[in-house]
Structure formats: C-alpha cells, structure tokens
Undergrad: 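Here it is, the structure, as structure tokens.
One-based numbering, in listed order, for ligands and for the atoms of each. Residues: numbered from 1 along the sequence shown. Side-chain atoms are counted along with the backbone in the values below, which use heavy atoms only and exclude waters and symmetry mates.
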Amino acid sequence: LMELTKKLLEIQTILKTMQQSGDDGSNGSSSALQLPSIVVVGSQSSGKSSVLEAIVGQEFLPKGNNMVTRRPIELTLINTPDSDEEYGAFPQLGMDHVGDFRQIQRTLYDLNMSVSDAECVSDKPIELRIYSPHVPDLRLVDLPGYIQVVNRKQPPELRQKIRDLCEGYLKQPNIILAVCAADVDLANSEALKASRRNDPLGMRTIGVITKIDTTAPAAATSILTQNDYPLHLGYIGVVCRPVRETPGRDVMLSEAQYFGRHPEFRQPGLQVGVGTLRRKLVRVLEDSMRRSLSNLTDAVRSELEETKYQIKVHYNDERVSPESYMAESLDALKQRFKTFQTQFGKPQLRAEVQHWLESRVMDVCAELYWSDPAVVALSTRVTRSRAAGWWADIRTRAAQAAQAATGVISEILAADTAKEQRGPRLGGKPTGISGESAGGSRGNTSGGQGTAPVAREWSDVDDAYWDHQLDRAAALLTKSGVGRWTTQLVVDLLMDNVTSMVDAEPFIHHPDTRTAVLNFSHAILRSKYHSTVDQVENTIKPFKYEVEVEPHEWKKAQKRSGTLVDNEIRLCRQALVKLRTNVPRKQLQQAIQLARTAEKRGIDPVSIHAELIRRNAEQAAETEGAGNAEHEGATLEPQTTSDELSYAQHSPRMLRRAQQVLMIQDRLNILHMRRKALASTSCASPDNKRLCPEIFLDVVAEKLSYNAVLFINYELLQDFFFQFPRELDSNLYYGKTLQQTREFASQNPRVGKQLQLLERRQKLEVVMTRLQELMRQQAQQASSEPYG
Ligand code: GDP
C-alpha cells in the first residue's frame, strides 16, 4: 500500500504553513498548491454533522439551534495505526494535543461563536486535525448549512452569504459530499443544487442520503437508485443514529442491524452504510489526489523556481538565519562600542571636562567682570574711582538694559547652532552657575576708549577690591557643584554615544532592544553616579580654599585664555551678523542711532514707542468724539518732541534689535580690551593675578578638570566600559528562545522577508523531493499493474 493520501496530506500540511507565512501578497499562485478536499454541503438539519461524526467515530461537533457552524472547519483526519490514542489538534491555536473530545467540541463552539450574530458567517477557516487509529486519512471541510429562510435575528443577506462562502469550496479539484435527508424531496435539496452549479456532469459529487430510517425501505431504495439527478459516484444511504426496532419499544438497532433487517437494501449495486461511505471517500479522494499529483508537482516546481529567483534578485543568495542575524546585530553593537571605547579615553575625557569648565570660566568672567563698567579700570590700570567718574552717567543707564549681553548673545546664537556655542556640548547645561546675578548691568566703553589715561593713583583699596572679586570668581567656579556637573556631563556624553549606537541600523528596527540597551546603560551609570560625584567633590575640596599657581601653569593658561577670549569675540561677531541679516540696513542704522541717544538721555525707546501709540489713539478718539474745530490744529500734544516722533517711525522689534546690537558692540569693546590686557606684560606672571582673572580662573579650571577626570575615569568610565559588553550579553543574548530570536529577526522587514523566502524555499524543496518520490512510485505502480 502506498498511502498516497496520507503522504499528500502531510505535504499539504507543509504547504499550509507556508501559505500562512507567505500571505503578504508576494505570490498569487498559492491556490495552485491546493490538494483536493472533501467538502460537505447540505441544508441545516440535513444530518451533515451526524455524517461527519459517524465518519470520525467521535462526537466532536458543536450542536445547537443557533447556527453553530459559522466558519468552515477544515478537518484533517490522520490515521495512526501504531497508536491507540485518539486526539485532536488546533494548529492555529497552538493546541497540539487535545485528548478530550468534549473539549474539542467546546473549542469549536467558541471559535464559531467568535463570529458575531450580526455577521453570522465568516470565511476564516478553523483548522482541526484528528489523529486516531480508527480514522482513514482524509481531508474534509464542514461548511455552514444552507438555510431556507432567515429568522428575525439574522441578517437578510445571510442566505446569500452562506451560498457565497460554500461556492468557494465547491470548485475543482474538491470532491463534493452532498448531504440530503431522505425525508426531504431531492428536488428541493440545496446540496444537489450547489453540486449542479459547480459540477454539472456530476463527476466529483457523492450523494449522501441521511435518515434512511425515516422512510420505508422501499421508498429509500428508490431514492438511492433514482436517475433524476445522476451522479457518477452514486448515492450512499446512511443511518447515523440508533433506530428504534419498533415504535414504543426500547430495543435500539445500529445502522448495520437496521440495514440487515431489511432485505430491500441487499439489492445489487445499492450503496449503504457509513462504512461504505468511508471506503468510498478514501478511494475517491485517493483517485483525486493521484490525478492532482502531477499538477501539484508542476505548481510546486514553478513556485520553487520563483522563490529561488526572488532570493537571488533581492538578496543575492545571502545566507541568513534568525540566530546569525541576531548574533551579527549584537556583534555590530559591540564593535561600535569597542570603537567608541578606543576613541574615548582619558585624554578625550579630559578635553571634554576642561572644555566644559572653561565655558564656566567665561560665564563667571562675564558675570563678575565683563558686565562691570569698572573692568575698564582693571584693563587700563586706573583707579576705579576715576573710571567710575567717566562711567557715572553710563552706569545708571546701563542698569536699564533689559538683558545682560551674555544672555543676548547666547539667545541669538542658540537659535541655529546650539552645539557651536561655547558651553557644554551636552544637555543639562547649568545657566548662571552662581545663582546670584551680577546686576545685569551692561558695560559701555564708548566713553573711555581712546582716551584711556595712563595708570596712576592705583591704591591698596583697588587691590583689595580686585582681590575680593577674584576670590568671588574662584568660589563661583569651585563651589558650584563641580562634582555633580562634571559627572553628569560624562554620563550624558556616554548616554549620547550609546544612543547614537542604537539609533542606527539595524536597531532602528528593534525598538525593544534599543530600549533594553539604553536601560541597562542607565542602570550601570546610575549605580556609579553618587559615588563618583562624591569622589570628585572630595578631590577638589582643597581648591575651594586656595589655589597655588606655578609660573609654568600660568604661562599655559595665559595662552589658553587668549584663545578663549578670541572665541568669545568670534561669538559676539556671529551674533552681530545674525542681528543684521534680513533687516534693512538703513533702518537698523537709524534705530541704533536712536537707541544710543535714548540711552544717553536715560530713556527706553521701546516704552516711548508704546506711549506714543497710546497718546495718538487717545487723541484720535477725542477729535472724533468732539468734532470740534477748536481742536483741529492740535494733532500733536505740545510736549511731543521731534525725537519722540522719530521713535514712532520704528517698530519696537527694530528698536530692541538696535539695543541688542549696542550691547554686543559694548561687549566686543570690552573683550578686545581684555584681550590686549591678557597679552600684556602685566599679565605675564601670577603675581598680578588680580588683574588677569581670565588667566587665573583658567588655571583653576585646569586643576579642577585634572583631578575630576582622575576619578571620573576610574570610577565611572572604566567601569562602564567593563560592564557594558557583559550586560549586553546577559540582557540580549543569553537565554533567548528560538521563538524570541525569530521575532527579533522579523522585526527587521528586510530580514523578515528574507527569512520567509528562505523558509519557503526550504519547505518547497522538501515538498518537491517528496512529490518526486511519489511520482516515481506512481510510475512504477502503473507499469506493474497496467489496468490498476
Ligand atoms: P446538520 O444540521 O445538518 O448538521 O444536522 P444534524 O447532524 O445536527 O442532524 C439534524 C437532526 O437530524 C438531529 O436531530 C439528528 O439527531 C437527526 N438525525 C441525524 N441523522 C439521523 C438519522 O440517520 N436518522 C434520524 N432519524 N435522525 C437523524
């Protein structure tokens, strides 16, 4: 026995899994990969379920009046001769061993009832396999029963819906099992009508007449032999439930006993009984399978070729497996990390921290020095009282400026290049580290420049003042939480780098993995954060009280601070350029002129502008209301000056901008002055440090960063470099199930598709080998029994 059906059913099972995974529209040929099934159709209550259960020999179908078959049930029977066990499996649900047939029944019920009353039927099939030594190898499809009339709760189009659903299954090469009850006229049989539509010659339809016991044997035999609706495969009569021997008595007859009792059924050529039906189904299906064999083989072959072609064209025959993909992805991450590790050592760490601290130095200088008009005195070495004398008028006015120049510059530049500015390159930048403000006054050097007198009258009081300023500045730098800020800086930097490692291919397809990496990176850094902060604070503690400066340190710092001030100058210039772009030159020039005079006179042009608008509006209202000729000439109030009139011609925005230009120009003047002072001989040695705060603070910054980096490197960075690859392995690599690995791989659409194609090819190859084997056996058999 060659068990063709069994083998083809196995093949079909493989093909089935493939169609599921391949149903992304990549091929439309899957219907060619179909093998014949036996499709059971009949009206409701014609006895369909009873016939199916009789064939299986188990009660497993849901019963009830409320349309309990709402979805097709694709039932595969698998004969297991070597086992006593009978069980079912629902591959779609992952239930592969259900030994209790009542549970199968309940599951089928639930699956059917998942289709709502309103929808009533669905074409999504339920797959069920039954393994048993008592069933033949068969593939059957149970369909919702045809109904004559819809009840009130059912949608009116239900009849048609059921028909359409069934029609899909009645096509070639399927075998139609048309179930008709003996107590219903065959002329009214929906099953036979359906068969006629799809198999007009009656070549692949088996008629099943159920409930034979409900008519007299003579009438029953005449149904079975009738010729009004001829079927090539004939009609088979069955009795699917025990029959009372005689009405009123409790003796029950089995089907065999019933047919045995009535000699009418022994008529030659008559087919009766579930056993006969089963054997017939097996034979007919096997025949049909045999006939489908070469078609199927062709279809599989071309499908295989197509799949190979796709693999070649889209993936150039690359090999990949979920495991290899996962390993490669994680290796890529490790590699990136390694590269980062080699590129980011202590020197780089030092550069970062120093850079950050130097930007603090600039902030401190801006707060305590560059915004103080007395800085002119510092730069030119005149006494502060003299300098203050020149500046007296300006001081008061400057206080009215809305923003300090520092704020203006960073605000203007922030808009486009956040990273290009001085200051930390990472987020979390502390603004105004001291928390106390220098008064927000804007220095103005225009009065002092050019006429700066030679240093004279410098006294101990001046020394004391500038020494005090320097102490304040150093304290601002050392006591502002250097430990916290520098540690945070490095943490942010590491997180930024890790983020960019996982924000690239292939991790953009794996959001969970990305999150996992970020989370464990965070966790490592968190566990080290506080101890690092404390260590750094401890190590820099001495500098909070005193900083010793060696001449060689001073020399280096002098150079660096020159560069830093140059950089400030560059930023100011950029800000000026930005302020001047997209503004009519002339208008801005006039506005600047106005702003300057306004400043000299101690007034704010913007508020004057507002005031004028208000006055004009009032006046307009008055004139209109009175309509009085007396007021005609007085469009302007007597106190309106021509200056005020020209303010009115500029928009407040333009005036603001003009003020900003002035502020920055002032800052530029100061910076140029400082630049010169820093390069001068008086700044050549640490003895004059009070005159050169930029240099002194830079020495402090250098010392702070050196010490901070020692500990950050050891406590945080090295630890992170050590832990990261280990966490990566333990979080993402070890203990992953095949399922998880697969899921990971298919998150990447390209790889998912590729894996699908490779799997498809592999399955098709298996199928192809088996089909070829079957074909070979067929050919052998045909030659040995030519009339088989
Ligand atoms: P389905 O709706 O087409 O699935 O029909 P069922 O198998 O549920 O049967 C409908 C009714 O007919 C049930 O009450 C069955 O007990 C009854 N029935 C089924 N087969 C026979 C039979 O051979 N003889 C008799 N007398 N009743 C049957």
Side-chain angles (χ1 to χ4, degrees), residues 38-73 75 101 104-105 108-109 112-113 120-121 126 128 140-151 154 158-159 162-163 165-166 169 176-184 186 188-195 206-217 219-221 223-224 235-262 265 271-278:
I38 298 162
V39 178
V40 188
V41 286
S43 304
Q44 251 188 344
S45 296
S46 58
K48 252 163 15 83
S49 313
S50 305
V51 170
L52 272 168
E53 290 185 335
I55 292 168
V56 175
Q58 288 278 3
E59 209 176 298
F60 67 99
L61 289 168
K63 307 276 154 56
N65 298 324
N66 182 27
M67 274 282 305
V68 286
T69 308
R70 299 185 173 192
R71 298 166 61 177
I73 302 175
L75 175 64
F101 279 77
I104 296 180
Q105 196 169 32
L108 283 176
Y109 182 82
N112 275 301
M113 287 304 149
C120 229
V121 290
I126 299 169
L128 170 62
L140 299 141
V141 183
D142 186 22
L143 291 168
Y146 290 112
I147 54 172
Q148 293 305 329
V149 280
V150 292
N151 71 30
Q154 293 164 332
L158 178 60
R159 256 189 88 173
I162 296 176
R163 268 167 179 257
L165 171 62
C166 295
Y169 278 93
I176 303 168
L177 199 68
V179 177
C180 323
D183 54 0
V184 175
L186 283 195
N188 293 329
S189 163
E190 287 292 335
L192 286 181
K193 283 182 204 163
S195 156
I206 301 173
V208 177
I209 309 296
T210 57
K211 309 186 192 179
I212 287 290
D213 58 305
T214 57
T215 42
T221 54
I223 297 175
L224 293 173
Y235 289 85
I236 300 178
V238 294
V239 176
C240 291
R241 72 175 199 198
V243 184
R244 243 173 247 288
E245 185 181 29
T246 6
R249 283 187 57 190
D250 265 353
V251 180
M252 305 301 275
L253 300 177
S254 69
E255 184 192 49
Q257 287 166 329
Y258 180 81
F259 285 129
R261 287 277 167 104
H262 301 285
F265 294 108
Q271 308 182 88
V272 290
V274 172
T276 313
L277 175 61
R278 270 203 217 183

Undergrad: Starting from atom 28 (C) of ligand 1, locate the nearest protein heavy atom and write down its residue, its atom name and how far away it is, to 0.1 Å.
TA: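 Protein heavy atom at minimum distance: Lys211 CG, 3.7 Å.
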Undergrad: Pick from Val141, Val121, Val39: which one makes a side-chain contact (heavy atoms from CB on, under 4.5 Å) with Pro72?
TA: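 Only one of Val141, Val121, Val39 forms a side-chain contact (heavy atoms from CB on, under 4.5 Å) with Pro72, namely Val141.
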Undergrad: Going by heavy atoms in the side chains, are Met252 and Gln257 under 4.5 Å from each other?
TA: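 With C-beta onward as the side chain, the pair stays apart.
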Undergrad: Answer with yes or no whether Gly42 contacts ligand 1, where contact means a heavy atom under 4.0 Å from a ligand atom.
TA: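 Outside the 4.0 Å threshold, so no.
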Undergrad: Within less than 4.0 angstrom of ligand 1, does Gly145 place any heavy atom?
TA: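 No heavy atom of Gly145 comes that close to ligand 1.
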Undergrad: Please say which of Ile236, Asp183, Val238, Val184 ends up in a side-chain contact (heavy atoms from CB on, under 4.5 Å) with Thr210.
TA: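 Going through Ile236, Asp183, Val238, Val184 one by one, the side-chain contact (heavy atoms from CB on, under 4.5 Å) with Thr210 is satisfied by Val238 alone.
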Undergrad: Within the structure provided, determine whether Phe259 and Ile212 are in side-chain contact (heavy-atom separation under 4.5 Å).
TA: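 Heavy-atom side-chain distance check passes, below 4.5 Å.
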Undergrad: Heavy atoms, side chains only, cut-off 4.5 Å: are Ile209 and Leu186 in contact?
TA: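 Yes, their side chains come closer than 4.5 Å.
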Undergrad: Residue-level breakdown please: for Asp213 versus ligand 1, do any non-hydrogen atoms fall below 4.0 Å on the side chain, on the backbone, on both, or on neither?
TA: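 Just the side chain.
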Undergrad: Give the numbers and elements of all ligand 1 atoms closer than 4.0 Å to a heavy atom of Lys48.
TA: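 Listed by number with element: 1 (P), 3 (O), 4 (O), 5 (O), 7 (O).
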Undergrad: In terms of residue, atom name and distance, what is the protein heavy atom nearest to atom 17 (C) of ligand 1?
TA: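 Atom 17 (C) of ligand 1 sits closest to the protein heavy atom Arg241 NH1, 3.8 Å.
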Undergrad: Should the pair Phe60 and Phe101 be assigned to parallel (<30°), tilted (30 to 60°) or perpendicular (>60°) ring geometry?
TA: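 Geometry flag for Phe101 against Phe60: perpendicular rings.
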Undergrad: Would you mind running through ligand 1 and noting each atom that sits below 4.0 Å from a heavy atom of Thr214?
TA: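 Those qualifying, in numeric order: 26 (N).
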Undergrad: As an exercise, identify every atom of ligand 1 less than 4.0 angstrom from a heavy atom of Ser50.
TA: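 Taking each heavy atom of Ser50 in turn, ligand 1 has 6 (P), 7 (O), 9 (O), 19 (C), 20 (N) under 4.0 Å.
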Undergrad: Could you tell me which atoms of ligand 1, counted from 1 in the order shown, lie closer than 4.0 angstrom to a heavy atom of Cys240?
TA: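 Near Cys240, meaning under 4.0 Å from one of its heavy atoms, ligand 1 has 20 (N), 22 (C), 23 (O).
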Undergrad: With heavy atoms of Ser49 as the reference, note each atom of ligand 1 found under 4.0 Å away.
TA: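 With Ser49 as reference, the close atoms of ligand 1 come out as 1 (P), 4 (O), 7 (O).
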Undergrad: Is Ile147 close to Ile162 at the side-chain level, that is, under 4.5 Å between some pair of heavy atoms?
TA: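 Result yes, sub-4.5 Å side-chain heavy-atom pair found.
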Undergrad: Just go through Ser45, Gly47, Gly237, Pro144 and tell me whose heavy atom is the nearest to atom 2 (O) of ligand 1.
TA: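 Going through Ser45, Gly47, Gly237, Pro144 one by one, Ser45 has the nearest heavy atom to atom 2 (O) of ligand 1.
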Undergrad: Please tell me if the side chains of Ile73 and Leu61 come closer than 4.5 Å, counting only heavy atoms from C-beta onward.
TA: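 Yes, at least one pair of side-chain atoms sits under 4.5 Å.
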Undergrad: Report yes or no: does a heavy atom of Ser43 sit under 4.0 Å from some atom of ligand 1?
TA: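 Yes; Ser43 lies near enough to ligand 1 that a heavy-atom distance drops under 4.0 Å.
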